[in-house]
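Chain A is the first sequence line, chain B the second, and so forth, proteins listed ahead of strands; every chain is numbered from 1.
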Amino acid sequence: MPAEETSLNFIEEIIEQDLKNGKYKSIVTRFPPEPNGYLHIGHASSICLNFGLTKKFPGYTNLRFDDTNPMTEETEYVESIKEDVRWLGFEWKNERYASDYFDQLYEFALTLIQKGLAYVDDSSSEMIANRKGTPTEPGKESADRNRSVEENLDLFKRMKAGEFPDGSRTLRARIDMAHHNMLMRDPVLYRIKHAHHHRTGDKWCIYPMYDMAHGQSDSIENVTHSICTLEFVPHRELYDWLIKNLEIYPSHQYEFARRNINYTVTSKRKLLQLVNEKYVTGWDDPRMPTISGLRRRGFTPESIRDFCDRIGVAKRENLVDVGLLEFCVREHLNKVALRRMVVFDPVKVIITNYQENHNEKVKSENNPEDVSSGAREIPFGKEIYIERDDFMENPPKKYFRLAPGQMVRLKSAYIIKCDEVIKDAGGRISELHCSYLPDSHSGHDTSGVKVKGTLHWVSVNDAVEVEVREYDRLFKVEDPASEAGDFKDYINENSLKIVKGYAEPSLLSAALGEHFQFLRKGYYCLDKDSDNGKFIFNRTVTLKDVWAKEQQKTSVQK
RNA sequence: UGCCCGGUAGUAUAAUGGUAGUACGAGAGAUUCUGGCUCUCUAUGUCAGGGUUCGAAUCCUUGCCGGGCAACCA
């Protein structure tokens, strides 16, 4: 066997180099969510990357909550994040919180003050903004910039002691107000917030900013490769500056491009709006690109991981086709989903030459892709439902389904032939009278008849009524965030369609977490809204339908 | 008119100075008791110019295009 072609992404290449030249013997990565929302498909990429790296290379990954802003962070989010990471199939070495390090971070701040590298500024946030300058003009120094170390120490301790109101003072790094990198123009390190923190309670009234917390937390945990998204590139200079001046463990930051997916948004702020303003039923609405939404919709961790693998990791802007995600879930579900028959828009078929009240059951495989999945029995009968669009009175060429005088096979049962079409007063087809070929039974067909079409069906007497929720993309445009106006103007108001279905009775034992393929329709799973006697199924994704595509093409031609 | 990233088929991603590949998507066909799955085949690409080199997607340079940077958010 030739050695498998390995193609490393740019971060893996860096790590391989670092390992090869002895910089590290093993690596440490971390996944650092802020607990202010639910995880989404974009985070899945970061999770797969960070945890995947330490599966591929020696080392481990921490889960660290970046909880430095008590105003927006909640325990509910912490719990959902942990559940989602585990569900995706990853386990962290240590569960950590930036807030675990508040004491240490405070000491770091004191160190910077003592070194003359930080000062307390009495300016308001507006004043700081006004003196910041612009990307093309230097900023102006604050009058407080040259306070003595003693005064800064005193003021900062009193900030911590709660002597000053919110917003009255900040601790700022003393770097360079004329720096070409705006982030280096004396960035705010600490701010006063008399707010209750989800973990530290009321212990603190000063909280570190992202830059004062993130890199230092990485360093405390001896993170070797701190991976984040592209918008943090300009922060790297500050990240390195703080580590150097604090003389602490030198973690290094590497940036990759966040993965964007078309016809959706992946911004926690926007997703929160959709939830708060009731465009969806919650963070786990099956139309949401959240991990919990995808899970409820019927996506599997395997399919999401496969998707993340396939889209890869790089530094260029991207807009990934959601069709690839759908491909990944179809591919996985095809292998594992149990096949069932459900008729959505029924038309009754009466098999005129079939015996009255005959209790026949037919056997059908649970999954042709997996022989170990066995078979089930399905009640057959004189009256069955088939799909209304599986019959046409005047069929076009290459229509393999039922039509007057035309024969089809009923899946796992018999071949039938349509003899007569019965219509109601309005001209709508109400019944189809068919005859069956008794010697065409699946498995021991001696009829010698070959048919092109096979239909799914359900026995009228045994059909179970179920509710089916069909989902479409949440937005009408590929990239709602980049359109003019508000992204919510582009919401697809038809993203949810509720329909009735008539299911074979084996679906009565469907359980949460099971995946089904409704034959010739798509993949479905039971929704948690189901309760005693009421069955609700979510459509994960449709089956590929080349016939529908063909029809669309010919109708466009006309 | 500042600084920092980045530009390879429709999309995403390889090729690390030596034959521009792969996957999805698209098209054609085979097979099929799911018009699913599977199988076969086809089309489509290095942003542009200049330079270095025997040889450039890759190195240099100029330009063009896209993105980011002025929160007491992360």
If you draw a 6.0 Å radius around NZ in A:K417, do more than 12 non-hydrogen atoms from other residues or ligands fall strictly inside?
no
Take atom NZ of A:K140 as the centre, draw a 6.0 Å sphere, and report whether it contains more than 12 heavy atoms from other residues, nucleotides or ligands.
no
Establish, from distance only, whether the side-chain atoms of A:Q552 and A:E550 form a donor-acceptor pair under 3.5 Å.
no
Can you tell me the Watson-Crick or wobble partner of B:U58, both distances under 3.5 angstrom?
none
With sugar-phosphate meaning primed atoms plus P, OP1 and OP2, does A:P32 contact a base, only sugar-phosphate, or nothing at under 4.0 Å between heavy atoms?
nothing
Sugar-phosphate only, base, or nothing, as touched by A:F65 at under 4.0 Å among non-hydrogen atoms
nothing
Who does B:U42 pair with, Watson-Crick or G-U, both distances under 3.5 Å?
B:A26
Quick one: is A:R259 getting a side-chain N or O under 4.0 Å of the B:U13 phosphate, OP1 or OP2?
yes
Where the side chain of A:T170 is concerned, which of B:A74, B:A12, B:C72 is the nearest nucleotide?
B:C72
Counting only side-chain nitrogens and oxygens, does A:R310 get under 4.0 Å of the OP1 or OP2 atom of B:U11?
no
Considering just the side-chain nitrogens and oxygens of A:T68, establish if one lies under 4.0 Å of OP1 or OP2 belonging to B:A74.
yes
Under 4.0 Å, heavy atoms only, any strand: does A:V313 hit a base, just the sugar-phosphate, or nothing?
sugar-phosphate
Using purine N1 to pyrimidine N3 plus N6-O4 or O6-N4 for Watson-Crick, or N1-O2 and O6-N3 for G-U wobble, each under 3.5 Å, what pairs with B:C64?
B:G7
Is there a side-chain contact between A:R520 and the phosphate of B:G35, meaning an N or O under 4.0 Å from OP1 or OP2?
yes
Out of B:G2, B:G35, B:A14, which nucleotide sits closest to the side chain of A:P135?
B:G2
Has A:W547 got its ring stacked on B:G35, by the test of a centre gap below 5.5 Å and a plane angle below 30°?
yes
Classify A:F327 by what it touches in the nucleic acid, base, sugar-phosphate, or nothing, heavy-atom distance under 4.0 Å.
sugar-phosphate
